[in-house]
Amino acid sequence: MIAKTAPDPRTRLDPRSLGRQPERVFYRRDTVTVARALLGAWLLRRFRGAWYGGRIVETEAYLGVQDRAAHSWGSRRTPRVEPMYADGGHLYVFLVYGMHSCANVVTRGPGRPEAVLLRAAEAPPGAPPRLLSGPAKLCEGLGITVGWSGVDLLSGGDVRLLARRGPRPRIAVSPRIGVGYAQEAASWPLRFYDRHSPSVSGPRRREPE
DNA sequence: CACATGATCGCCT
DNA sequence: GGCGATCATGTGG
């Protein structure tokens with residue numbers, strides 16, 4: 001039984017007509033492709049029968065055993081990281097700095113430990129635009145904790161994802177945030193965000209057109 | 001805006 | 001024993 005943490009009520013929404021759940025193959029594609037495809041998708045959370053969620057606007061790709069920034073780097077395989085080795089479409093949630101949760105969507109197939117970190121989302125209209133701006137704030141706002149790690153997004157449970165419907169956002173690319181220790185991998189261009197979203201994390205966007 | 005700091009603890013070596 | 005895939009707050013320019 002997963003401990004149910006309450007989402008922020010300001011993220012409440014009606015999920016009907018927002019999109020459809022992608023099939024497993026959507027998640028099994030290469031990780032950069034999935035990281036880009038997730039921009040504009042809705043991450044949903046059900047709590048006591050009501051739905052909450054945000055539209056994903058910022059992601060980072062973590063490329064597994066060859067990526068020093070990834071928890072699965074060098075084939076590290078511990079109980080914490082185990083969900084990264086699951087089939088695409090599972091959730092990998094971990095705790096950072098002893099107090100914040102970060103949520104990832106697992107990509108590729110079983111035994112291929114790659115994932116996409118969800119860094120920011122736009123809350124529904126009316127909510128503060130930066131309510132879910134940051135990987136920990138996104139988890140906090142939607143009530144996602146490490147208890148959800150290993151859950152399958154396709155199992156019809158209380159955490160789900162709806163594929164983007166409509167045009168692709170304008171995507172900007174940069175190195176990943178907070179992985180300075182990862183040597184050469186620290187400069188890889190694996191962070192993707194919606195150029196026009198006011199909900200991207202970090203100090204005020206000022207990326208050139 | 002740019003930086004610096006503290007909070008807080010699970011995880012890995 | 002050391003260190004984070006972070007954030008809010010504080011200072012100074």
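Chain identifiers are assigned alphabetically (A, B, ...) following the order of the sequence lines, protein sequences preceding nucleic acid strands; residue numbering begins at 1 within each chain.
- Every residue two or more places apart in sequence or in another chain was checked for a side chain to side chain donor-acceptor pair (under 3.5 Å) with A:E23, and none qualifies.
- For A:R24, the side chain to side chain contact (heavy atoms under 4.5 Å, CB included) partners at least two apart in sequence or on another chain are A:R28, A:D87, A:H90, A:D152, A:L154.
- Secondary-structure annotation of DNA chain B gives the stems B:1-7 with C:6-12, B:9-12 with C:1-4, with a stem taken as at least 3 successive Watson-Crick or G-U pairs whose two distances both fall under 3.5 Å.
- For the side chain to side chain contact (heavy atoms under 4.5 Å, CB included) test, residues two or more places apart in sequence or in another chain that qualify with A:W51 are A:L13, A:P15, A:L44, A:R46, A:R160.
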- Would you please test A:R112 and A:M84 for side chain to side chain contact (heavy atoms under 4.5 Å, CB included) and show each step? CA-CA 8 Å; A:R112 192 88 187 262; A:M84 280 192 76; over 6 Å; no
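- There is no side-chain donor-acceptor pair under 3.5 Å between A:T11 and A:D8.
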- Message: Base contacts versus sugar-phosphate-only contacts with protein, heavy atoms under 4.0 Å: please encode nucleotides 8-13 of chain C as B, S and - from 5' to 3'.
- Response: S-----
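- Within residues 54-76 of chain A, the residues that have a heavy atom under 4.0 Å from DNA chain B are, in order of number, A:R76.
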For nucleotides 8-11 of chain B, tabulate all protein N/O to nucleotide N/O atom pairs closer than 3.5 Å, reporting atom names and distance.
{"residue": "B:dT8", "atom": "O2", "partner": "A:Y97", "partner atom": "O", "Å": "2.7"}

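- For A:T59, there are no side chain to side chain donor-acceptor pair (under 3.5 Å) partners at least two apart in sequence or on another chain.
- Qualifying side chain to side chain donor-acceptor pair (under 3.5 Å) partners for A:E122, counting only residues two or more places apart in sequence or in other chains: A:R55, A:S197.
- When all heavy atoms are compared, the tightest approach of A:E58 to A:L39 is N-CD2, 3.5 Å.
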Atom pairs and distances, side-chain donor-acceptor, residues 96-105 of chain A, under 3.5 Å, sequence neighbours left out:
{"residue": "A:N104", "atom": "ND2", "partner": "A:Y92", "partner atom": "O", "Å": "3.1"}

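- Residues from residues 27-38 of chain A placing a heavy atom under 4.0 Å of any atom in DNA chain C do not occur.
- Residues satisfying the side chain to side chain donor-acceptor pair (under 3.5 Å) test with A:S199, not counting sequence neighbours, are none.
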- Hey, mind stepping through A:T145 and A:V93 against side chain to side chain contact (heavy atoms under 4.5 Å, CB included) and telling me if it holds? CA-CA 7 Å; A:T145 63; A:V93 186; 5.9 Å; no
